[in-house]
Peer 1: 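Quick one: the structure is below, and I'll ask about it shortly.
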Amino acid sequence: MNTTSSTSTFRAPTEILVIIFCLGLYAMITNIIVVITLLSTKTLWRKQNVFIISLALTDVISSGSLAVEIISGFEEQVEPFSLEMFDPALTFFSSGTTSLLTLTAVAADRYIALVYAPLQYDIIVTIKRCIAVCTFLWILPFFFYLYAGLQRTCLVFMTSYFLTFCIVSYLYYNIYKSIKYQHNVIVQQNSQELERSKKLLKTFLILIGVFAIFYSPAFVICVLFGVKFYSDLNSQNVSFAYSTLVFATINTLANPLVYWWRLKDFRSVLVGYFHACSQVNLRQRFRQQSNTVIPIN
């Protein structure tokens, strides 16, 4: 007896597709602005900003791929996710895992700076090494998910989601513990680094919290795949799968708002760019008005 699943096609509700497209397009634009601002401003060329650029690029690719797929008439078959080259599911899982690993790398960076080797931090952690780490964190998840298959992908994403928060919690606990008990020593060594680290810690804790909230549906759906929830697919299950993409897209949209809110230097530079653009527009309008010939009656 043939037990092959039905080949009927299930399409996500149009409302969900429109929401994903609008959110994805806006998130892609805002994250591109973040990347351009950080790369074009020498005063923002710092080690920690390498990780922010990496996070912003993952958001650009994730949100952009979803928007492009919907424009091209995205239509899923029986399985709501299929891991193929340039498939939204691949970018969804790989970019999500890259974000998780990047947030873990930031916690490790702050741990080295404040606990493990504060006096040798600049020797151990360099911009080139930060770029190399971020590049590795991009390549590894993408190629793994490309060849792993759906079942292993859900298992690995679920495991990385859980382990990331365990590791980050451990590192941040020890960082704050060290700051509390060795505050005077750390201040004497580098008071400016301490204050900047405190702000960075809070910023990335907010990013981790935002990620945990909006990627929790993806964690749930991976668990459901593991218990064969999708063995009998229907339109409701497909809609639920697409809803996880909505939440993930909201996460990509929320991150630039966190950067704007928490990073004063980034906000100042961006405001300066907007102010300069507005001045250019005013000058162009003034020139057009001054060159206008007024007819004489």
Peer 1: Within a radius of less than 6.0 Å around OH of Y176, do more than 12 heavy atoms belonging to other residues, nucleotides or ligands occur?
Peer 2: yes

Peer 1: From T252 OG1 over to F247 CZ, what is the distance, rounded to the nearest 0.5 angstrom?
Peer 2: 13.5 Å

Peer 1: Looking at S178 and N174, would you say the former's side chain and the latter's main chain have a donor-acceptor pair under 3.5 Å?
Peer 2: no

Peer 1: Linking Ile, Leu, Val, Met, Phe, Trp and Tyr by side-chain heavy atoms under 4.5 Å, what else ends up with F136?
Peer 2: L101, V133, L137, L140

Peer 1: Taking the side chain as every heavy atom from C-beta outward, state whether L100 and F165 have any pair of such atoms under 4.5 Å apart.
Peer 2: yes

Peer 1: What do you reckon, is OH of Y172 surrounded by more than 12 foreign heavy atoms closer than 6.0 Å?
Peer 2: yes

Peer 1: CD1/I213 to CG/N251 distance, rounded to the nearest 0.5 angstrom?
Peer 2: 9.5 Å

Peer 1: Which atom names give the shortest non-hydrogen contact between Q48 and F204, and what distance separates them?
Peer 2: O-CZ, 4.4 Å

Peer 1: Do you see a donor-acceptor pair shorter than 3.5 Å between the side chains of S99 and T58?
Peer 2: yes

Peer 1: Nearest heavy-atom pair of W138 and S54: which atoms, and what distance?
Peer 2: NE1-OG, 3.0 Å

Peer 1: Apply the test side-chain contact (heavy atoms from CB on, under 4.5 Å) to residues L55 and L103: give CA-CA distance (whole Å), side-chain angles for both, the deciding distance (0.1 Å), then the verdict.
Peer 2: CA-CA 8 Å; L55 289 172; L103 291 172; 4.0 Å; yes

Peer 1: Go through the steps for V34 and T30 under the test side-chain contact (heavy atoms from CB on, under 4.5 Å), then give the verdict.
Peer 2: CA-CA 6 Å; V34 171; T30 54; 5.7 Å; no

Peer 1: Distance check, rounded to the nearest 0.5 Å: D59 atom CG versus N255 atom CG?
Peer 2: 5.0 Å

Peer 1: Residues two or more places apart in sequence or in another chain: which of them pass side chain to side chain contact (heavy atoms under 4.5 Å, CB included) with S216?
Peer 2: Y161

Peer 1: In terms of hydrophobic clusters joined by side-chain contacts under 4.5 Å, are V258 and I33 together?
Peer 2: yes

Peer 1: D109 side chain to V125 main-chain N or O, any donor-acceptor pair under 3.5 Å?
Peer 2: no

Peer 1: Please write out which residues are connected to L257 in a hydrophobic cluster, directly or through intermediates, given that two of Ile, Leu, Val, Met, Phe, Trp, Tyr count as joined at side-chain heavy-atom separations below 4.5 angstrom.
Peer 2: none

Peer 1: Are Y111 and L163 linked, directly or through other ILVMFWY residues, by side chains that come within less than 4.5 angstrom of each other?
Peer 2: no

Peer 1: Please name all residues satisfying salt bridge (Lys or Arg N to Asp or Glu O under 4.0 Å) with R46, sequence neighbours left out, ordered by chain then number.
Peer 2: D265

Peer 1: Return the CG to CD1 distance between L201 and I206, rounded to the nearest 0.5 Å.
Peer 2: 11.0 Å

Peer 1: Is the backbone of V60 close enough, under 3.5 Å, to the side chain of N31 for a donor and an acceptor to pair up by distance?
Peer 2: no

Peer 1: Would Y259 and N49 count as a side-chain contact (heavy atoms from CB on, under 4.5 Å) here? Give the steps.
Peer 2: CA-CA 10 Å; Y259 307 147; N49 287 345; over 6 Å; no

Peer 1: Keeping to residues at least two apart or across chains, list the salt bridge (Lys or Arg N to Asp or Glu O under 4.0 Å) pairs with something in residues 118-138.
Peer 2: K47-D122

Peer 1: Could you state whether L57 and I131 fall into the same hydrophobic cluster, counting links through intermediate Ile, Leu, Val, Met, Phe, Trp or Tyr residues with side-chain heavy atoms under 4.5 angstrom apart?
Peer 2: no

Peer 1: Check whether W45 and L263 end up in the same hydrophobic cluster, where Ile, Leu, Val, Met, Phe, Trp and Tyr are linked by side-chain heavy atoms less than 4.5 Å apart.
Peer 2: no

Peer 1: With the 4.5 Å side-chain cut-off for hydrophobic clustering, are W261 and L207 part of the same group?
Peer 2: yes

Peer 1: Between OG of S63 and CD1 of I32, what distance do you get to the nearest 0.5 Å?
Peer 2: 8.0 Å

Peer 1: So, taking the atom named CG in L253 and the one named CZ in F214, what distance separates them when rounded to the nearest 0.5 Å?
Peer 2: 9.0 Å

Peer 1: Taking the side chain as C-beta and beyond, is there a heavy-atom pair between F144 and T97 under 4.5 Å?
Peer 2: no

Peer 1: Taking only residues two or more places apart in sequence or in another chain, which ones pass ring-ring contact (aromatic ring centres under 6.0 Å, His included) with Y215?
Peer 2: F92, F211

Peer 1: Taking all atoms of both residues into account, what is the closest heavy-atom pair of T164 and T104, and its distance?
Peer 2: CG2-OG1, 3.2 Å

Peer 1: For residues G24 and T249, report the shortest heavy-atom separation together with the two atoms involved.
Peer 2: N-CG2, 3.3 Å

Peer 1: Tell me the closest heavy-atom pair linking R262 and R267, and the distance in Å.
Peer 2: N-NH1, 4.4 Å

Peer 1: Heavy atoms only: give me the nearest W260-V271 pair and the separation to one decimal.
Peer 2: CH2-CG2, 3.5 Å

